[in-house]
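Numbered from 1 within each chain, the chains take letters A, B, ... in sequence-line order.
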Number of protein chains: 2
Amino acid sequence: MGNQVVNLASVQSVCQQCGIYSLCLPMGLQRGDIDALDGIIKRRRPLKKGEHLYTSGEEFTSIYAIRSGSMKSYIINEEGEEHVIGFKMPGDLVGLNGINGHKYKNSAKALETCSVCEIPFDQLEALGHEIPGLSHHLIEIMSKEIQDEHHKVAMCSKMPAEARLASMVHTLSLRFEERGFSPNEFNLSMSRNDIANMLGLAVETVSRLFSHFQELGILEVERKHIRILDQEKLSNLIRMD
Amino acid sequence: MGNQVVNLASVQSVCQQCGIYSLCLPMGLQRGDIDALDGIIKRRRPLKKGEHLYTSGEEFTSIYAIRSGSMKSYIINEEGEEHVIGFKMPGDLVGLNGINGHKYKNSAKALETCSVCEIPFDQLEALGHEIPGLSHHLIEIMSKEIQDEHHKVAMCSKMPAEARLASMVHTLSLRFEERGFSPNEFNLSMSRNDIANMLGLAVETVSRLFSHFQELGILEVERKHIRILDQEKLSNLIRMD
DNA sequence: CGCCCTCTTGAATTAAGTCAAATAATGTGG
DNA sequence: CCACATTATTTGACTTAATTCAAGAGGGCG
């Protein structure tokens with residue numbers, strides 16, 4: 001409880017201490033600007049597996065950056081069926097589609113214990129008027145998300161099952177690598193059901209394909225643990241029919 | 001060539017004269033702000049059917065608002081196959097996915113004679129610093145596009161062929177209505193091939209489905225001309241397996 | 001320890017694709 | 001403006017990839 005001597009120059013914003021800030025919203029900002037951004041970010045208690053960060057239809061107030069853990073983003077259609085849109089990893093922003101219409105249009109659920117940074121959107125916009133690079137960067141991130149979704153549409157609507165799963169594993173591998181993890185060995189945080197759902201396949205098909213990839217010597221699959229034995233063959237599956 | 005008496009108060013910006021400005025980027029802006037936006041917009045010569053507005057990989061400089069006509073947006077994959085992403089109508093913005101990385105990531109091709117408004121992106125951003133509502137509105141439009149793409153992913157990956165085509169026709173109907181046209185009768189500007197490609201189906205399947213919808217008394221299809229005879233049955237097809 | 005839920009594997013079924021061919025539109029050059 | 005070439009669309013028959021149904025195995029949690 002006593003006073004301590006603190007070297008003020010060494011005080012870094014939480015963002016700058018964060019291992020993935022270079023992939024996240026602060027990317028490319030000046031140090032002072034990162035501190036300003038840091039000032040509006042709320043840290044929330046971690047989410048436990050299965051908890052929702054927000055659900056579809058809720059009033060939109062904030063976007064969220066994932067700090068650790070992973071989430072799934074999904075929508076529920078008129079018949080009450082769940083449609084998985086994607087999986088989110090540290091550094092990813094979620095909730096961007098709620099800006100339009102001031103309501104979240106999807107739900108975000110923790111696949112494992114997660115910590116997230118809440119960024120109140122009105123404050124972010126206000127800050128954007130002072131830090132031009134910030135609003136530009138937000139727009140870039142949204143532009144990238146549009147690109148990624150285009151890619152997903154093209155993938156899911158036309159590729160055969162084998163290529164879809166290969167593509168998903170390959171994309172995950174790249175994303176793990178970007179975040180400093182091994183691209184060749186990782187754990188899936190989502191169930192087979194979630195994978196099948198996102199790819200528009202039956203669970204049984206996904207299960208069979210994992211077995212098949214293993215027979216081909218491309219993957220080693222042990223429940224949630226994936227090891228990629230042959231990245232080149234994996235890539236070839238994406239291209240071929 | 002002689003001087004003319006002009007009533008300055010009656011001079012309206014081109015945007016304000018445009019029939020669909022209320023759906024487009026100027027939406028919700030004050031009159032003076034619309035004029036400012038108008039000032040940076042370049043009108044280009046109309047595109048003829050088959051001409052490209054931009055192609056994938058080209059340097060990104062501008063986003064475009066479609067003024068009249070319609071376009072298709074597509075990407076080419078590694079094998080050189082075309083994947084149609086979507087169809088764009090008056091009031092729609094195209095090129096948004098080029099912001100990230102300063103290159104267009106898709107190509108936009110006129111399906112019929114089109115006129116477009118070119119909006120140089122750096123000028124738009126500069127203007128956004130003066131008109132806060134403008135950059136907010138751009139962000140909203142992008143948020144909506146992310147939403148729409150999520151919807152497309154869910155649709156294309158999981159719905160049966162019948163529901164996909166029904167959904168596409170229904171969405172077109174809504175979009176025509178928004179633009180002041182009949183929701184029940186319109187002309188398709190795209191080929192059966194483009195439709196099939198976007199929906200991830202074979203051309204033959206699309207053709208058969210149109211015939212089938214006609215037998216069911218839901219549509220009247222005469223080449224490119226579509227008349228919706230029963231919107232309710234059409235909507236039901238989207239929901240049902 | 002046992003129940004439940006997830007995952008895997010096999011067999012039968014089906015939705016949609018491919019192949020093939022006819023017909024209808026569109027465009028082109030003379 | 002016509003004849004021919006080319007391309008787009010439709011329809012039918014067959015094939016196949018992926019689903020559904022069914023059943024069993026494996027883990028994890030209370």
Side-chain angles (χ1 to χ4, degrees), chain A residues 48-50 72 81-84 109 111-113 155-169 187-216 219-226 237-238 240-241, chain B residues 48-51 72 81-84 109-113 155-169 187-216 219-226 237-238 240-241:
Chain A
K48 275 179 285 198
K49 180 175 175 175
K72 78 169 164 181
E81 297 160 343
E82 177 175 319
H83 292 276
V84 177
K109 189 178 192 175
L111 291 168
E112 57 194 320
T113 302
M155 174 179 94
C156 273
S157 66
K158 267 157 289 204
M159 291 163 91
E162 193 178 69
R164 291 187 208 181
L165 185 61
S167 170
M168 190 197 135
V169 172
N187 284 297
L188 300 173
S189 55
M190 70 294 288
S191 68
R192 297 286 191 273
N193 225 312
D194 288 336
I195 295 173
N197 187 314
M198 188 184 76
L199 298 176
L201 301 171
V203 205
E204 294 93 328
T205 305
V206 170
S207 184
R208 271 185 262 271
L209 284 171
F210 271 134
S211 303
H212 184 221
F213 289 171
Q214 201 154 8
E215 284 162 20
L216 294 174
L219 298 183
E220 204 174 272
V221 183
E222 171 66 27
R223 200 148 181 82
K224 304 266 190 196
H225 187 86
I226 302 285
L237 285 181
I238 303 173
M240 312 224 289
D241 290 357
Chain B
K48 275 180 287 199
K49 179 176 175 177
E51 283 186 318
K72 77 169 164 182
E81 298 159 344
E82 179 175 318
H83 292 276
V84 177
K109 191 179 192 174
L111 290 168
E112 57 194 320
T113 302
M155 173 180 92
C156 273
S157 66
K158 266 156 290 202
M159 291 163 91
E162 194 177 68
R164 291 188 208 181
L165 185 60
S167 169
M168 191 196 133
V169 172
N187 283 296
L188 301 173
S189 56
M190 69 295 288
S191 68
R192 297 285 191 274
N193 223 312
D194 288 337
I195 296 173
N197 187 314
M198 188 184 76
L199 299 176
L201 302 172
V203 204
E204 293 93 327
T205 305
V206 170
S207 184
R208 272 186 261 270
L209 284 170
F210 271 135
S211 303
H212 185 222
F213 289 171
Q214 200 154 7
E215 285 162 20
L216 295 175
L219 297 184
E220 205 174 88
V221 184
E222 171 67 27
R223 196 147 182 81
K224 304 268 189 194
H225 187 86
I226 301 286
L237 286 180
I238 303 173
M240 309 225 289
D241 289 356

Heavy atoms within less than 4.0 Å of DNA chain C: which residues of residues 193-204 of chain A have one? Give them sorted by number.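 Those residues whose heavy atoms fall under 4.0 Å from DNA chain C, taken from residues 193-204 of chain A in numerical order, are A:Asn193, A:Glu204.
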Hey, does the side chain of A:Thr205 come within less than 4.0 Å of D:dA17's phosphate (OP1/OP2), counting only N and O?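 No, outside the criterion.
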Kindly indicate whether the side chain of [X], heavy atoms from C-beta on, has any atom under 4.5 Å from the side chain of [Y].
X: A:Phe213; Y: A:Val221; value: no
X: B:Met159; Y: B:Ile238; value: yes
X: A:Met168; Y: A:Met198; value: yes
X: A:Glu81; Y: A:His83; value: yes

Mind calculating the distance between [atom1] ([X]) and [atom2] ([N]) to the nearest angstrom?
X: A:Lys224; N: C:dT6; atom1: NZ; atom2: C1'; result: 8 Å
X: A:Leu209; N: D:dT19; atom1: CG; atom2: C1'; result: 13 Å
X: A:Phe213; N: C:dT9; atom1: CZ; atom2: C1'; result: 17 Å
X: B:Leu165; N: C:dA16; atom1: CG; atom2: P; result: 11 Å
X: A:Arg164; N: D:dT19; atom1: CZ; atom2: C1'; result: 12 Å
X: A:His212; N: C:dT9; atom1: NE2; atom2: P; result: 13 Å

With DNA chain C as reference, determine whether B:Met159 or A:Arg192 sits nearer its 5' end, using the nearest nucleotide of each.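 That would be A:Arg192.
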Sugar-phosphate only, base, or nothing, as touched by B:Ser191 at under 4.0 Å among non-hydrogen atoms: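 Touches sugar-phosphate only.
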Gap separating the NZ atom of A:Lys72 from the OG atom of A:Ser189, nearest 0.5 angstrom: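 Going from NZ on A:Lys72 over to OG on A:Ser189, the span is 10.5 Å.
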Per-nt protein contacts along nucleotides 24-30 of chain D (heavy atom under 4.0 Å; B base, S backbone sugar-phosphate only, - none) come out as ---S---
Under a 4.0 Å N-O cut-off, is there an ion pair linking A:Glu112 with A:Lys224?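 Salt bridge between A:Glu112 and A:Lys224, a charged N being under 4.0 Å from a carboxylate O: no.
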For a side-chain contact (heavy atoms from CB on, under 4.5 Å) with B:Val206, tell me which candidate from B:Asn193, B:Ile195, B:Asn197 qualifies.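 Option passing the side-chain contact (heavy atoms from CB on, under 4.5 Å) with B:Val206: B:Ile195.
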With no hydrogens and no angle check, is any side-chain donor or acceptor of B:Arg192 less than 3.5 Å from a backbone partner on B:Val203?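 Pair absent, no side-chain N/O of B:Arg192 close to backbone of B:Val203.
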Checking contacts here: which listed nucleotide (C:dA16, C:dT9, D:dT11) is nearest the side-chain heavy atoms of B:Pro160?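 The listed nucleotide nearest to B:Pro160's side chain is C:dA16.
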Name the closest nucleotide to the B:Arg208 side chain, picking from D:dA13, C:dC7, C:dG10.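 From the listed options, D:dA13 comes nearest.
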If you compare all heavy atoms of B:Lys49 against all heavy atoms of B:Leu111, which two are closest, and at what distance to 0.1 Å?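 For B:Lys49 versus B:Leu111, the nearest heavy atoms are CG-O, 3.5 Å.
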